[in-house]
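Below, chains carry the letters A, B, ... as their sequence lines are ordered, and counting in each starts from 1.
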There are 2 protein chains.
Amino acid sequence: MVTMSDVARAAGVSRATVSYALRGDPRITESTASRIRQVAADLHYNANLSARSLRSGRTGVIGVAIFELDRPYPSEMGAAMSREIARRGYQPIVQQTSGSKDDEVAILRKVTSQLCDGMIFSPAKVADEELRSLSHGKPMVLLDDLSPDPVFDSVATACEAGAQTAVGHLIEIGCRHIVVVGAPYEMLVEDRLASSVRGRRLLGSLRAFEQADIEVGPQNFFDIPLWTADAARASARRMLEADRYRGVDGVFCLTDTVALGFMRGLADCGVRVPDDLALIGFDGIAESEYSIPSLSTIRTNLDDLSRKAVGLLIDQIEHDGMTGDPQRLTADFDLVVRESTQR
Amino acid sequence: MVTMSDVARAAGVSRATVSYALRGDPRITESTASRIRQVAADLHYNANLSARSLRSGRTGVIGVAIFELDRPYPSEMGAAMSREIARRGYQPIVQQTSGSKDDEVAILRKVTSQLCDGMIFSPAKVADEELRSLSHGKPMVLLDDLSPDPVFDSVATACEAGAQTAVGHLIEIGCRHIVVVGAPYEMLVEDRLASSVRGRRLLGSLRAFEQADIEVGPQNFFDIPLWTADAARASARRMLEADRYRGVDGVFCLTDTVALGFMRGLADCGVRVPDDLALIGFDGIAESEYSIPSLSTIRTNLDDLSRKAVGLLIDQIEHDGMTGDPQRLTADFDLVVRESTQR
DNA sequence: TTGTAGGCGTTATCAA
DNA sequence: TTGATAACGCCTACAA
């Protein structure tokens with residue numbers, strides 16, 4: 001390994017001079033500095049991150065922890081975050097939490113507080129208070145943290161407004177019996193506070209029903225065991241066969257992945273979209289554009305989400321922590337109308 | 001921050017003893033060790049990775065650099081690698097190279113050689129020799145590195161055998177005019193050595209044609225500008241309108257993403273799959289199971305790929321470098337027959 | 001404008 | 001079985 005001392009020796013200066021020169025400190029003359037840069041390049045010198053970090057407490061790395069790397073929405077989000085982090089001059093690293101609490105904790109302990117100057121984190125299992133102690137004061141921005149008593153800055157997707165728009169769209173194109181797929185009716189009662197993404201999207205749906213003076217009951221909600229394409233596909237038949245859902249002509253799936261799985265399940269049963277039934281999703285994943293039929297959806301603007309999240313985080317990093325109360329921003333979204341709701 | 005000294009003081013022992021105890025060194029009595037672990041836990045002590053790494057040269061982190069985080073195949077691969085790395089007791093981090101050479105180089109210089117004990121890397125733009133110097137002797141395993149003169153251990157997808165199986169399947173179900181989408185006919189001549197994934201898949205296709213005594217020409221190959229769903233979708237119409245491809249009844253797309261985009265493009269033109277035209281892809285991404293119609297494909301076994309790649313890498317890490325010549329393994333695959341080739 | 005020196009938290013080598 | 005001590009490579013006051 002070639003160290004700073006090697007560069008210093010080769011350039012005939014001291015280690016300190018090399019350090020200053022490479023970091024662009026103005027006190028070193030340009031001629032000396034450029035000679036040193038040349039020597040460093042010739043020797044393939046690379047500053048040792050561990051040493052620098054040990055000494056300065058900075059690594060220039062920002063971490064992004066997402067749920068599952070192999071699901072479309074989280075991975076598109078991770079990609080957008082990575083691009084924005086790089087654009088802001090930091091090195092992005094991505095990790096998957098797999099939704100297990102142990103993984104979340106391990107990542108926080110080992111990686112965040114060690115390798116990263118800050119972290120963008122989407123907490124699934126770890127509570128806000130625990131996060132605070134795990135973060136050891138390191139800057140952190142949360143995604144879709146809906147806890148009533150936030151500890152960190154956060155950015156949320158527009159769950160309520162988006163869901164309201166989705167269901168509103170179904171109503172507008174003339175659907176008479178609309179079902180929201182992905183959460184049970186009972187949840188409306190239990191989680192009226194809507195401290196989860198599911199709850200928030202449910203709430204937004206309810207708003208749309210209320211606004212159109214549509215009375216809702218269990219027949220307007222259909223739960224599935226997991227938000228996966230598999231579960232959604234299998235569930236479609238169950239819904240079609242249930243008396244309660246007879247005559248459904250419009251479905252809002254709480255995510256695009258669920259929508260695509262559900263659409264596939266409908267195809268398995270010979271139900272045509274949009275002819276027999278209109279379908280809309282939520283997220284705006286890439287596949288929604290290429291599916292047959294293409295899927296209408298509420299598209300979260302991931303560039304906007306990333307800009308907001310990374311912006312908040314870098315503010316914290318560069319100003320030594322949060323200034324004032326935790327902020328909560330919301331990402332832009334738009335309604336994308338495609339074939340699946342074309343009547 | 002709570003350091004080792006704090007733990008040592010609180011436990012009434014020296015720093016060295018703490019270090020040994022926490023790392024399970026047998027020379028510390030179990031009673032002392034467990035007392036120290038208790039104290040460390042009480043104080044929420046976390047070993048400082050930078051310091052540990054500076055001193056020992058190990059971080060316990062393995063990096064995975066993939067092309068694009070938001071494309072299905074790379075992201076599924078990243079997820080599988082992450083799981084395998086974690087299973088082997090290391091911390092996985094993932095980075096996207098975006099296919100730009102600068103990004104690849106930056107990641108190698110800043111992250112690999114610094115934060116990671118080793119790296120799994122899929123080189124797009126950087127040549128083997130350059131990699132060697134960038135890696136600074138750090139363990140590395142490459143994916144789909146087909147250079148004739150390998151420098152690193154690598155794992156490849158079964159491009160040739162897979163493509164041969166795919167085209168063979170189309171022939172078997174009775175297709176008479178088969179087109180390979182994703183590379184031009186001319187490439188067959190230019191790249192007979194097949195030092196790229198594209199070339200290898202082309203070569204495999206050719207084998208299948210030869211084996212069935214089918215003469216091939218430009219009418220059996222159709223190039224698209226990029227391996228994206230977008231480009232594939234737009235290209236479908238162009239192919240259907242070209243004289244040369246009149247009467248096509250079977251298509252092998254060089255990746256699933258291309259296949260799904262192409263299928264969408266066929267739908268745009270009113271061509272039905274599989275009735276008018278059978279279609280098969282390559283990779284085995286999750287969406288291929290849920291598309292309408294579902295997509296037949298050559299599925300790369302990502303668990304097998306990960307086990308092989310991570311296995312090779314950890315061998316290098318734990319035995320201080322490669323032993324002997326670079327190895328080249330190949331991942332298992334299987335043919336998955338679905339609706340798109342059901343006749 | 002450049003050099004000297006001390007220390008960041010850990011691990012490894014000794015010595016006790 | 002444990003403890004003192006010297007690195008690891010870099011950064012930064014401070015001295016020259």
Would you call [X] and [Y] a salt bridge, taking side-chain N to carboxylate O under 4.0 Å as the test?
{"X": "B/Asp25", "Y": "B/Arg23", "result": "no"}
{"X": "B/Lys101", "Y": "B/Glu130", "result": "yes"}
{"X": "A/Arg37", "Y": "A/Glu30", "result": "yes"}

How is A/Met4 classified with respect to the nucleic acid when contacts are heavy atoms under 4.0 Å: base, sugar-phosphate, or nothing?
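Sugar-phosphate: the residue A/Met4, judged by heavy atoms under 4.0 Å, touches backbone atoms but no base.
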May I ask you to say what A/Arg52 touches in the nucleic acid, namely base, sugar-phosphate or nothing, with a heavy-atom cut-off under 4.0 Å?
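Sugar-phosphate, no base atom in range.
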Any [X] side-chain N or O less than 4.0 Å from OP1/OP2 of [N]:
{"X": "A/Ser19", "N": "D/dC11", "result": "yes"}
{"X": "A/Ser14", "N": "C/dG3", "result": "yes"}
{"X": "B/Thr17", "N": "D/dG3", "result": "yes"}
{"X": "B/Thr29", "N": "D/dT2", "result": "yes"}

If I take atom [atom1] in residue [X] and atom [atom2] in nucleotide [N], what distance separates them, rounded to the nearest angstrom?
{"X": "A/Asp6", "N": "D/dC8", "atom1": "CG", "atom2": "C1'", "result": "14 Å"}
{"X": "A/Asp25", "N": "C/dG3", "atom1": "CG", "atom2": "C1'", "result": "14 Å"}
{"X": "B/Arg9", "N": "D/dA4", "atom1": "CZ", "atom2": "P", "result": "13 Å"}
{"X": "B/Leu22", "N": "C/dG9", "atom1": "CG", "atom2": "P", "result": "16 Å"}
{"X": "B/Tyr45", "N": "C/dG9", "atom1": "OH", "atom2": "C1'", "result": "7 Å"}
{"X": "B/Arg15", "N": "C/dG7", "atom1": "CZ", "atom2": "P", "result": "12 Å"}

Pairwise 5' ranking along DNA chain C for A/Ala16 and A/Pro26, keeping only the more 5' one
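By nearest-heavy-atom nucleotide position, the 5'-most residue is A/Pro26.
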Under 3.5 Å: donor-acceptor pair, side chain of [X], backbone of [Y]:
{"X": "B/Gln91", "Y": "B/Ile62", "answer": "no"}
{"X": "B/Thr300", "Y": "B/Leu302", "answer": "no"}
{"X": "A/Thr17", "Y": "A/Val13", "answer": "no"}

Of the listed nucleotides ([options]), which one gets closest to any side-chain atom of [X]?
{"X": "A/Tyr20", "options": "D/dA13, D/dG9, C/dG9", "answer": "D/dA13"}
{"X": "A/Leu54", "options": "D/dA4, D/dG9, D/dC10", "answer": "D/dG9"}
{"X": "A/Arg27", "options": "C/dT4, D/dC14, C/dT10", "answer": "D/dC14"}
{"X": "A/Asn48", "options": "C/dG3, C/dG9, D/dC10", "answer": "D/dC10"}

B/Asp42: what forms a side chain to side chain donor-acceptor pair (under 3.5 Å) with it, not counting sequence neighbours?
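B/Gln38.
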If you fit an axis to the five pairs at each end of the helix from C/dT1-D/dA16 to C/dA16-D/dT1, how big is the angle between those two axes, to 10 degrees?
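Computed from the C1' atoms at both ends, the axes differ by 40°.
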So if I take residues 30-40 of chain A and measure heavy-atom distances to DNA chain C, which residues fall below 4.0 Å?
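The answer is A/Thr32.
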Closest approach of A/Asp325 and A/Asp153, non-hydrogen atoms and distance?
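Minimum heavy-atom separation between A/Asp325 and A/Asp153: O-OD1, 4.3 Å.
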Counting C-beta onward and ignoring hydrogens, is there a side-chain heavy-atom pair between B/Leu142 and B/Asp128 closer than 4.5 Å?
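When only atoms from C-beta onward are counted, B/Asp128 and B/Leu142 do touch, with a gap below 4.5 Å.
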Side-chain contact test, heavy atoms from C-beta onward, threshold under 4.5 Å: evaluate it for B/Phe121 versus B/Leu143 and give yes or no.
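When only atoms from C-beta onward are counted, B/Leu143 and B/Phe121 do not touch, as no gap falls below 4.5 Å.
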Distance-only donor-acceptor test (3.5 Å): side chain B/Arg23, base C/dT11
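Answer is no: no donor-acceptor pair is held.
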Is any side-chain N or O of B/Arg55 under 3.5 Å from a base N or O of D/dA7, one able to act as donor and the other as acceptor?
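It does, because a donor-acceptor pair links the side chain of B/Arg55 to the base of D/dA7 below 3.5 Å.
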Using the closest heavy atom to pick a nucleotide of DNA chain D for each, name whichever of B/Ile28 or B/Ser56 lands nearer the 5' end.
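Here B/Ile28 is the residue nearer the 5' end.
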